[in-house]
Amino acid sequence: MRSSILRLMLGASVAVALAASAGHAQDTPQSTPQDPPAGALAPNQTAAFGASLPLVFTYTENFDCVDEPTDDLNFNGILAESDPAEFQTPICQVGTEPKHDPTGAQVQTTDKLWVLVPFFGTDTTDTDAIACPANARPGLLCGKALGDTLISLFGIVPEGFKQTPSVPVQCPDPGSPPGTCTMHASTLDLFPALVALGKLPATPKQNIFVPTPNHSHVINQDVFQKAPQWWQVITVLVTDPADFPTPDGSSGITSVKKLRKAQKDGGALGDVPSNFYLFFGSMKGMKM
C-alpha cells in the first residue's frame, strides 16, 4: 500500500516553467479600500473573521510567494540564486517559512492570516475531489488522482478538497470554482506539510502541487487595518466540524482565542507557516 501511495505522489512531481507571476510589494502609496455595499462583496473582496467579528478583506495587489536566494523550492539541487527558472513561476509552499516578507521585513514582524481548511468528512468517492481546471499546471494533482491520493493518505476526501463542499467557506468566492479566490494563488505545494504530518518520507524531495483548498479566514491583529498591507498565510486543518465557522460567525473559530482552544481540545491541528502572502486591508463586515 505504501509503495503505491508513493508512486502516485511521485507522479505529481513537476517542472516549474509556467508563465505566471507573484505579486510584490510596491514603493508607491497604496489606495485605501472603500466600504462595500451592505450585504455585498466587491470582486476583489472576501469575507473573514477577527476578534469574533465578521470582516471584509479588500485586496489591492496579487499574492506573493517569497523565494529567497538560498532556497530550493523546486528541489532540483540548485539554489534559487543560481536557478532563474525557479522563481519565474510561483511556488507557494505550505510548511516552508522564509526569513523575510515581501517588503524585506523580518517575517516575525508580519501580521498573520490564519487560513482554516475544513479537513473532515466521510466522503470516500475519489471523483468528488476538486476537478482539474482548464490549462492546469503540468503535474497538478487534481480530480480523481487527487481523490485517490487523499483517500490513501487520510481515508477520506476532506471537505477542503471537494469540488462541492457541504460546509460554507469564504473561498472560493461565491459562484467561483474551487481552487480559486480573488488575488490568491490557485495551486499550493504540499510536500513539506505532508512530510511534517508523517504521510511522506523526507526524501526524495518533490513538489506536490494541488489546487488551493476551500477555506475561511481569521486574523488577530489590525482587525480594522483599512490600509492594505502584507499578511503571511498560516494554514490550519480544522478536523472537528463543530469548530469550523458558520457563515454568520455564530459558532466555530472566529478569533485566534477560539482557534487556540480548538487546537488545545483536538478540534484543529497546529499552525503551519508558508511562504505565501496576501495583500489586503480589513474592515468591519456585515453579519450574514
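These numbers were taken from a predicted model, which means no experiment stands behind them. Sequence positions, counted from 1, serve as the residue numbers for this chain.
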field: Donor-acceptor contact below 3.5 Å, side chain T103 vs main chain A105
entry: yes

field: Side chain to side chain, S282 and I219, heavy atoms closer than 4.5 Å
entry: yes

- request: Taking all non-hydrogen atoms of both residues into account, name the closest pair between P172 and P177 and its distance.
  value: CB-O, 3.4 Å

message: Can you confirm whether the side chains of Q263 and D271 place a donor and an acceptor under 3.5 Å from each other?
response: yes

query: Are side-chain heavy atoms of I234 and P273 found at a separation under 4.5 Å?
result: yes

task: Would you kindly confirm whether L197 and W114 end up in one hydrophobic cluster when ILVMFWY residues are joined by side chain heavy atoms under 4.5 Å apart?
output: no

- prompt: Can a donor-acceptor pair be found between the side chains of D64 and W230 at a distance below 3.5 Å?
  reply: no

Using a 3.5 Å cut-off and no angle test, enumerate the donor-acceptor pairs between side-chain atoms of residues 119-126 and protein atoms at least two apart in sequence or in another chain.
| residue | atom | partner | partner atom | Å |
| --- | --- | --- | --- | --- |
| D123 | OD1 | T125 | N | 2.7 |
| D123 | OD2 | K162 | NZ | 3.3 |
| D126 | OD2 | K144 | NZ | 3.2 |

message: Under a plain distance cut-off of 3.5 Å, with no hydrogens placed, do T70 and E81 share a side-chain donor-acceptor pair?
response: no

query: Any side-chain heavy atom of F57 sitting closer than 4.5 Å to one from L113?
result: yes

task: For D248 and S250, indicate whether the former's side chain and the latter's backbone hold a donor-acceptor pair under 3.5 Å.
output: yes

message: So which atom in G143 and which in A129 form the shortest heavy-atom distance, rounded to 0.1 Å?
response: O-CB, 3.5 Å

field: Between NZ on residue K261 and CD1 on residue I253, distance to nearest 0.5 Å
entry: 10.5 Å

- request: First locate atom SG of C92, then atom CZ of F209, and finally report the distance between them rounded to the nearest 0.5 Å.
  value: 8.5 Å

field: Donor-acceptor contact below 3.5 Å, side chain K199 vs main chain L153
entry: yes

message: A side-chain contact here means heavy atoms from C-beta on lying under 4.5 Å apart; do V238 and V117 qualify?
response: no

message: Taking V233 as the starting point, is it possible to reach L237 by hopping between hydrophobic residues whose side chains are less than 4.5 Å apart?
response: yes

message: Could you see if L269 belongs to whatever hydrophobic cluster contains V218? Use Ile, Leu, Val, Met, Phe, Trp, Tyr and a side-chain cutoff under 4.5 Å.
response: no

field: Stepwise side-chain contact (heavy atoms from CB on, under 4.5 Å) check, K112 with N220
entry: CA-CA 7 Å; K112 310 305 179 189; N220 185 41; over 6 Å; no

query: Does some side-chain heavy atom of V210 sit less than 4.5 Å from a side-chain heavy atom of L146?
result: yes

T187 side chain vs P211 backbone, donor-acceptor pair below 3.5 Å: no

message: If I compare all heavy atoms of C181 with all of T46, which pair ends up nearest, and what's the gap?
response: SG-CG2, 3.7 Å

query: Is there side-chain contact between R137 and T89, with at least one heavy-atom pair below 4.5 Å?
result: yes

message: To the closest 0.5 Å, what do you measure between OG1 (T164) and CG (N214)?
response: 9.0 Å

task: Examine distances only and state if a side-chain atom of Q88 and a backbone atom of P84 form a donor-acceptor pair shorter than 3.5 Å.
output: yes

field: From CZ (F244) to CG (L116), nearest 0.5 Å
entry: 6.0 Å

message: Is it the case that the ring center of F280 lies less than 6.0 angstrom away from the ring center of W231?
response: yes

message: Between T180 and S176 (side chain of the first, backbone of the second, donor and acceptor by atom type, cut-off under 3.5 Å), is there such a pair?
response: no

task: Show the numbers, then the answer: is there a side-chain contact (heavy atoms from CB on, under 4.5 Å) between L150 and I156?
output: CA-CA 6 Å; L150 290 167; I156 59 170; over 6 Å; no

Which donor-acceptor pairs under 3.5 Å do side chains of residues 93-100 form with protein atoms, sequence neighbours excluded?
| residue | atom | partner | partner atom | Å |
| --- | --- | --- | --- | --- |
| Q93 | OE1 | T96 | OG1 | 2.7 |
| Q93 | NE2 | L73 | O | 3.2 |
| Q93 | NE2 | D189 | OD2 | 2.7 |
| E97 | OE2 | Q232 | NE2 | 3.1 |
| H100 | ND1 | E68 | OE2 | 2.8 |
| H100 | NE2 | Q106 | NE2 | 3.4 |

field: Audit row: D71, L79, side-chain contact (heavy atoms from CB on, under 4.5 Å) steps and yes/no
entry: CA-CA 6 Å; D71 287 339; L79 299 183; over 6 Å; no

Q45 (side chain) donor-acceptor with A42 (main chain) under 3.5 angstrom: yes

message: With side-chain contact (heavy atoms from CB on, under 4.5 Å) as the criterion, how do H215 and V169 come out once you've worked through the C-alpha distance, each side chain's angles and the decisive distance to 0.1 Å?
response: CA-CA 5 Å; H215 63 272; V169 294; 5.9 Å; no

- request: Kindly compute the distance separating OG1 (T110) from CG (D101), expressed to the nearest 0.5 Å.
  value: 3.5 Å

query: Applying the 4.5 Å side-chain criterion to the ILVMFWY set and letting contacts propagate, would V195 and V272 be lumped into a single cluster?
result: yes

- prompt: Going by heavy atoms in the side chains, are M183 and F63 under 4.5 Å from each other?
  reply: no

statement: Nearest heavy-atom approach of P245 to S216 is CG-CB, 4.3 Å

- request: State the CG-CG distance between N207 and L190, to the nearest 0.5 angstrom.
  value: 10.5 Å

Check: N44 side chain, Y59 main-chain N or O, donor-acceptor pair, under 3.5 Å: yes

query: How about T254 and L53: do any of their side-chain heavy atoms sit closer than 4.5 Å?
result: no

field: Main-chain N/O of I91 paired to N275 side chain as donor or acceptor, under 3.5 Å
entry: yes

- prompt: Between T149 and A145, is there a donor-acceptor pair closer than 3.5 Å when you use the side chain of the first and the backbone of the second?
  reply: yes

- prompt: So, F49 versus H217, ring centres under 6.0 angstrom or not?
  reply: no

field: Considering all heavy atoms, the nearest A80-F87 contact
entry: O-CE2, 3.2 Å

- prompt: Minimum heavy-atom separation for P133 to L140, with atom names?
  reply: CD-CD2, 3.8 Å

